[in-house]
Undergrad: 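The structure's right below; bear with me while I get my questions together.
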Amino acid sequence: NRSTASTANDVTELAASAAARLSARDAPFFLWVHYSEPHAGYMPHKQFDFGDSEMDRYDGEIAFADHAVGRLLQGLHAAGRLTDTLIIVTSDHGEAFGEHGVETHGQSLFEEELHVPLLVYLPAASGRGFAAKRVAAPMDLTDVAPTVLQATGLSPRFAMHGESLLGHALSGRALRTPEAFAETRLPYARLQALRQGNDKIVVDHLAGTAWRTDLSVDPDE
């Protein structure tokens with residue numbers, strides 16, 4: 001929460017304290033840790049100083065957040081929890097730095113805003129672990145919750161968008177929905193996008209236009 005000047009170090013301290021408290025109960029626990037960094041406006045961090053430009057400060061925020069997440073994971077490792085804990089790291093959006101005349105985020109559906117990390121760690125000791133691999137098919141964040149539920153042996157109470165990624169990761173089973181959907185709804189930006197493989201279609205509802213891109217030929221759109 002930038003309004004109270006909290007940063008990744010503060011969030012890591014809170015998360016480590018919560019993890020220790022929850023682990024002491026010897027029962028399964030769910031912990032959501034929400035970091036603000038990296039996010040506009042980009043704050044300087046002395047130990048990760050790459051320069052004064054906005055992109056330099058953005059890179060510094062990435063390194064700062066990476067260091068803070070690393071401290072949290074080191075704490076879980078020291079407590080012996082990385083052998084039985086599912087860990088997912090992702091982000092809600094990327095950032096634009098003028099690539100298409102847009103700054104920050106929320107105003108377009110180009111890849112600089114849509115293509116975010118999604119890392120899933122499921123340890124072998126859980127009985128469902130898998131070797132490191134990279135999934136090439138597009139997916140979106142609606143797939144995260146079904147993945148968590150399947151990994152923990154739970155079933156959704158209601159119908160869900162998205163699908164678990166474990167079948168694909170563990171056995172190479174084809175994804176039921178190998179596409180990604182995105183949208184932005186602001187007074188000055190109302191767009192929707194669908195990506196299947198390298199084929200991407202964007203509809204601009206305010207301008208009344210649509211365009212199609214083959215990202216294998218035109219990765220910069």
Undergrad: Quick one: pull up NE2 in His34 and CH2 in Trp32 and give me the separation to the nearest 0.5 Å.
TA: 7.0 Å

Undergrad: Hey, what do you get for OG1 (Thr184) to CG (Leu191), rounding to the nearest 0.5 Å?
TA: 6.5 Å

Undergrad: Is the shortest side-chain heavy-atom distance between Lys200 and Leu114 below 4.5 Å?
TA: yes

Undergrad: Salt-bridged, Arg71 to Glu13, with N to O below 4.0 Å?
TA: yes

Undergrad: Backbone N or O of Ala8 within a donor-acceptor pair of the Glu37 side chain at under 3.5 Å?
TA: yes

Undergrad: Is there a continuous path of hydrophobic side-chain contacts, each under 4.5 Å between heavy atoms, that joins Leu31 to Ile87?
TA: yes

Undergrad: So do the side chains of Glu112 and Glu95 get within less than 4.5 Å of each other, counting heavy atoms only?
TA: no

Undergrad: Could you tell me if the side chain of Ile88 sits less than 4.5 Å from the side chain of Tyr121, heavy atoms only?
TA: no

Undergrad: Please determine whether a side-chain nitrogen of the Lys or Arg among Arg173 and Glu163 lies less than 4.0 Å from a carboxylate oxygen of the Asp or Glu.
TA: no

Undergrad: Where do Thr85 and Pro123 come nearest, in terms of heavy atoms and distance?
TA: O-CD, 3.3 Å

Undergrad: For a quick test of reading the model, state the closest non-hydrogen atom pair linking Ala96 to Val102 and the distance between them.
TA: CB-O, 3.5 Å

Undergrad: I need the single residue from Phe64, Phe97, Phe50, Phe48 that forms a ring pair (Phe, Tyr, Trp, His ring centres under 6.0 Å) with Tyr42. Which is it?
TA: Phe97

Undergrad: Side-chain contact test, heavy atoms from C-beta onward, threshold under 4.5 Å: evaluate it for Phe110 versus Glu99 and give yes or no.
TA: no

Undergrad: For residues Glu179 and Leu194, determine if any side-chain heavy atom of one lies less than 4.5 Å from a side-chain heavy atom of the other.
TA: yes

Undergrad: Assess whether atom CG of Asp92 is packed by more than 12 heavy atoms of other residues, nucleotides or ligands within 6.0 Å.
TA: yes

Undergrad: Counting only heavy atoms not in His205, do more than 12 sit closer than 6.0 Å to its NE2 atom?
TA: yes

Undergrad: Carefully, step by step, assess His39 and His105 under the rule ring-ring contact (aromatic ring centres under 6.0 Å, His included).
TA: CA-CA 9 Å; His39 198 284; His105 56 269; 4.7 Å; yes

Undergrad: Short question: side chain of Glu113, backbone of Gly106 - any donor-acceptor pair under 3.5 Å?
TA: yes

Undergrad: With a 4.5 Å heavy-atom cut-off, do Leu119 and Thr90 have their side chains touching?
TA: no

Undergrad: Verify, without hydrogens or angle tests, whether Tyr58 (side chain) and Gly41 (backbone) share a donor-acceptor contact under 3.5 angstrom.
TA: no

Undergrad: Measure from the side-chain N and O atoms of Ser17 to the backbone N and O of Leu14, and report whether any donor-acceptor pair falls under 3.5 Å.
TA: no

Undergrad: Met55, Ile62: one ILVMFWY side-chain cluster at the under-4.5 Å cut-off?
TA: yes

Undergrad: In terms of hydrophobic clusters joined by side-chain contacts under 4.5 Å, are Leu86 and Leu165 together?
TA: yes

Undergrad: Any idea which heavy atoms bring Ala40 and Thr104 closest together, and the distance?
TA: CB-CG2, 3.7 Å

Undergrad: What distance do Arg157 atom CZ and Leu149 atom CG have between them, rounded to the nearest 0.5 Å?
TA: 11.5 Å

Undergrad: As a quick check of understanding, evaluate side-chain contact (heavy atoms from CB on, under 4.5 Å) for Leu215 and Arg195, giving each step before the final call.
TA: CA-CA 10 Å; Leu215 294 173; Arg195 178 173 170 181; 3.5 Å; yes

Undergrad: Answer yes if Leu141 and Val120 sit in the same cluster of Ile, Leu, Val, Met, Phe, Trp and Tyr residues linked by side chain heavy atoms under 4.5 Å apart, and no otherwise.
TA: yes

Undergrad: Are the side chains of Met139 and Leu118 in contact, using a 4.5 Å heavy-atom criterion?
TA: yes

Undergrad: So which atom in Ala19 and which in Leu76 form the shortest heavy-atom distance, rounded to 0.1 Å?
TA: CB-CD2, 4.1 Å

Undergrad: Evaluate whether atom CG of Asp52 has more than 12 neighbouring non-hydrogen atoms of other residues, nucleotides or ligands under 6.0 angstrom away.
TA: no

Undergrad: Thinking salt bridges, do Arg212 and Asp199 make one under a 4.0 Å N-O criterion?
TA: yes

Undergrad: Run Asn9 and Thr7 through side chain to side chain donor-acceptor pair (under 3.5 Å) and show every step you take.
TA: CA-CA 5 Å; Asn9 282 336; Thr7 66; 4.9 Å; no

Undergrad: Please check: side-chain N/O of Thr12 versus main-chain N/O of Ala68, any donor-acceptor pairing under 3.5 Å?
TA: yes

Undergrad: With a 4.5 Å heavy-atom cut-off, do Arg57 and His45 have their side chains touching?
TA: no

Undergrad: Just do the side-chain contact (heavy atoms from CB on, under 4.5 Å) check on Glu54 and Glu103 with the steps written out, would you?
TA: CA-CA 10 Å; Glu54 281 204 330; Glu103 302 287 340; 4.1 Å; yes

Undergrad: Are Val89 and Tyr35 linked, directly or through other ILVMFWY residues, by side chains that come within less than 4.5 angstrom of each other?
TA: yes

Undergrad: Would you give the length of the straight line joining atom OG of Ser164 to atom CZ of Arg176, rounded to the nearest 0.5 angstrom?
TA: 10.5 Å

Undergrad: Taking NE2 in His100 as the centre, count heavy atoms belonging to other residues, nucleotides or ligands within less than 6.0 Å. Is the count above 12?
TA: yes

Undergrad: How long is the gap from NE2 on His168 to CG on Leu175, to the nearest 0.5 Å?
TA: 4.5 Å

Undergrad: Would Asp84 and Arg81 pass as an ion pair if we require N to O under 4.0 Å?
TA: yes

Undergrad: Is Ser23 reaching over with its side chain to a backbone N or O of Ala20, donor-acceptor style, under 3.5 angstrom?
TA: no

Undergrad: Supply the atom-to-atom distance Asn198 CG to Gln196 CD, rounded to the nearest 0.5 angstrom.
TA: 11.5 Å

Undergrad: Under the 3.5 angstrom rule, does the side chain of Arg21 hit a backbone N or O of Ala16 as a donor-acceptor pair?
TA: no

Undergrad: Check Leu122 against Ala151 and note the closest heavy-atom contact, atom names and distance.
TA: CD1-CB, 4.3 Å

Undergrad: Can you name the closest pair of heavy atoms from Val202 and Ala193 and give their distance?
TA: CG2-CB, 4.0 Å

